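Here's the structure, in structure tokens; my notes come after.
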Amino acid sequence: MTTLNDWSYLAAGIAVGSSLTWFLRKSSPTSSDLAPVSSQTENLLQDNLLQQVKNTELAYHQAREMSQFKAGFLARTTHELRSPLNGVIGLHQLILNDLCEDPVEEREFVAQAYERSLKLLKMIDEILSVARTDQGTNKLEIHSIQLAQVLQEVHQLTYILAANRNYSFTISLPEPEIYVLADYCWLRQILVNLVNTTFLQMEEGGIYLSASTAATNNCVYIWLDVPNHAVIYSEPIDLIESEKKINQENMEMSSGMKLLLNQKLLEAMGGKLEIIPSPITKEAKQDLTRLQISMPLAIPEAEHHHMEENLDEIDCIAPL
């Protein structure tokens, strides 16, 4: 039988329960209050996830390009040395198989084989020099150098070749206060090599050399605008076996190999070499492609003038 006290306890429990329910409803946010917070959080998470996916994709493509570049460098180096070596072997085979008409011809073949061996050794030395620089064995002399001075010297060293072939060579010097971090001799060598190689492949027209700073990052762009038909391309790996790319008579290093070596050297200096479309201008009378070199921007050093006075003492390597 239910007593009065039991009913009192029941009533008190109901009252307490109702009070707690009312308090919790007042203190907790409603669904309308939670909706904007949840939506903002979801959008933020989506943006972060998309950014992470983009960063991962960019890192993947960069790693893939680097892997392909290293594989292409090894394949191109092997092919570059194999072609002249085959010429040396062929001359020795003629001598060993007694296919020479007389001792005079045999001696001529020996002389040709010796000359080709020296050229082959020179190519190996050039490739090893770049490889050692890339690995850090050959130390780079990285300084803050005035870009206008480098471009001026490049023009002085190459304009004669342009004049002899009746090609125009226009240069637009950057502001004197623009400096880059680089090895003076290597940067000058790379630019001279690119200009000379372009002239040797040109049929007509002219080239334009200029430079500009990038507003978005601490970088300086050096631009070499060349005719489309004279662009220096690095041959794909699947075309390495083509013997048509190498002139076995002269046994000179191919333009593709020179481009790879230049890329290696620029990377060792913190730079980059790219082939991009050239901006269309009214002044351009031909279809151009731009070779773009990116170099770190530098603050002028106090000892730069001292370095200028001693440039003649620097042991610069001859252009590739």
Side-chain angles (χ1 to χ4, degrees), residues 69 72 76 80 126 146-175 178 180 182 185-214 219-236 239 242-266 271-295 318-320:
F69 171 74
R76 165 52 60 189
E80 202 83 13
E126 292 176 351
Q146 188 182 41
L147 184 58
Q149 180 182 355
V150 178
L151 298 189
Q152 184 65 45
E153 289 195 18
V154 170
H155 184 263
Q156 293 174 355
L157 293 171
T158 56
Y159 81 94
I160 295 180
L161 179 61
N164 291 338
R165 294 174 176 263
N166 200 26
Y167 298 145
S168 63
F169 184 13
T170 305
I171 180 173
S172 178
L173 294 178
E175 297 296 328
I178 296 180
V180 295
C185 293
W186 276 122
L187 180 59
R188 185 179 66 179
Q189 174 182 340
I190 290 170
L191 293 174
V192 169
N193 171 254
L194 291 176
V195 172
N196 282 339
T197 305
T198 300
F199 281 141
L200 294 175
Q201 298 188 157
M202 283 178 58
E203 299 174 358
E204 59 180 357
I207 67 174
Y208 307 87
L209 181 63
S210 60
S212 176
T213 56
C219 182
V220 178
Y221 293 129
I222 303 173
W223 294 319
L224 182 64
D225 295 301
V226 305
N228 289 345
H229 66 270
V231 177
I232 308 171
Y233 283 109
S234 175
E235 296 85 349
L239 296 180
S242 175
E243 296 293 336
K244 297 180 180 180
K245 298 293 182 179
I246 304 294
N247 188 336
Q248 294 194 17
E249 292 299 324
N250 295 327
M251 290 196 306
E252 297 294 338
M253 194 175 292
S254 69
S255 60
M257 187 64 197
K258 292 179 180 179
L259 183 65
L260 285 172
L261 293 179
N262 289 330
Q263 286 177 316
K264 278 284 188 182
L265 290 171
L266 287 171
K272 188 177 182 181
L273 174 61
E274 300 173 285
I275 300 178
I276 61 175
S278 181
I280 300 176
T281 60
K282 296 180 180 180
E283 293 77 9
K285 300 180 181 180
Q286 55 186 336
D287 295 330
L288 302 174
T289 297
R290 171 165 288 181
L291 302 181
Q292 176 175 280
I293 295 178
S294 308
M295 296 301 299
L320 295 174

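These numbers come from a predicted model, not from an experiment. The residues of the chain are indexed from 1 along the displayed sequence.
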- Message: Tell me whether the count of non-hydrogen atoms from other residues, nucleotides or ligands lying under 6.0 Å of CD in Q152 goes above 12.
- Response: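 Yes, because the 6.0 Å sphere around CD of Q152 holds more than 12 heavy atoms from other groups.
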- Task: Could you tell me whether N164 atom CG has more than 12 heavy atoms of other residues or ligands within 6.0 Å of it?
- Result: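 For N164, atom CG is crowded (more than 12 foreign heavy atoms under 6.0 Å).
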Closest heavy-atom pair and its distance - [X], [Y]:
{"X": "F199", "Y": "S168", "answer": "CE2-O, 4.4 Å"}
{"X": "T289", "Y": "I276", "answer": "CG2-O, 3.5 Å"}
{"X": "Y208", "Y": "G206", "answer": "CE1-O, 4.2 Å"}
{"X": "E204", "Y": "H229", "answer": "O-CE1, 3.5 Å"}

Quick one: does [X]'s side chain get under 4.5 Å of [Y]'s, heavy atoms only?
{"X": "L173", "Y": "L147", "value": "no"}
{"X": "I222", "Y": "L151", "value": "yes"}
{"X": "V180", "Y": "V150", "value": "no"}
{"X": "M295", "Y": "L266", "value": "yes"}
{"X": "P227", "Y": "I207", "value": "yes"}
{"X": "R165", "Y": "L200", "value": "yes"}
{"X": "L260", "Y": "Q263", "value": "yes"}

- Of N262, L194, L224, the residue whose pairing with I293 passes side-chain contact (heavy atoms from CB on, under 4.5 Å):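 It is L194, the one option of N262, L194, L224 that forms the side-chain contact (heavy atoms from CB on, under 4.5 Å) with I293.
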Atom pair [atom1] ([X]) and [atom2] ([Y]), whose distance is rounded to the nearest 0.5 Å:
{"X": "D225", "Y": "T198", "atom1": "CG", "atom2": "OG1", "value": "10.5 Å"}
{"X": "K258", "Y": "T197", "atom1": "NZ", "atom2": "OG1", "value": "4.0 Å"}
{"X": "L259", "Y": "I190", "atom1": "CG", "atom2": "CD1", "value": "10.5 Å"}
{"X": "E153", "Y": "L191", "atom1": "CD", "atom2": "CG", "value": "11.0 Å"}

- Test side chain to side chain contact (heavy atoms under 4.5 Å, CB included) on I171 and Y159 and set out the steps. CA-CA 10 Å; I171 180 173; Y159 81 94; over 6 Å; no
- Message: Under the rule for side-chain hydrogen bond (donor to acceptor under 3.5 Å, both in side chains), what residues qualify as partners of Q292, not counting sequence neighbours?
- Response: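 Per chain and number, Q292 pairs via side-chain hydrogen bond (donor to acceptor under 3.5 Å, both in side chains) with W223, E274.
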- Query: When you look at R188 and L157, which way does the side chain to side chain contact (heavy atoms under 4.5 Å, CB included) test go after all the steps?
  - Reply: CA-CA 10 Å; R188 185 179 66 179; L157 293 171; 4.1 Å; yes
- Query: Relative to the ring of H155, is the ring of F169 parallel (under 30°), tilted (30 to 60°) or perpendicular (over 60°)?
  - Reply: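 Plane angle between 30° and 60°, so tilted.
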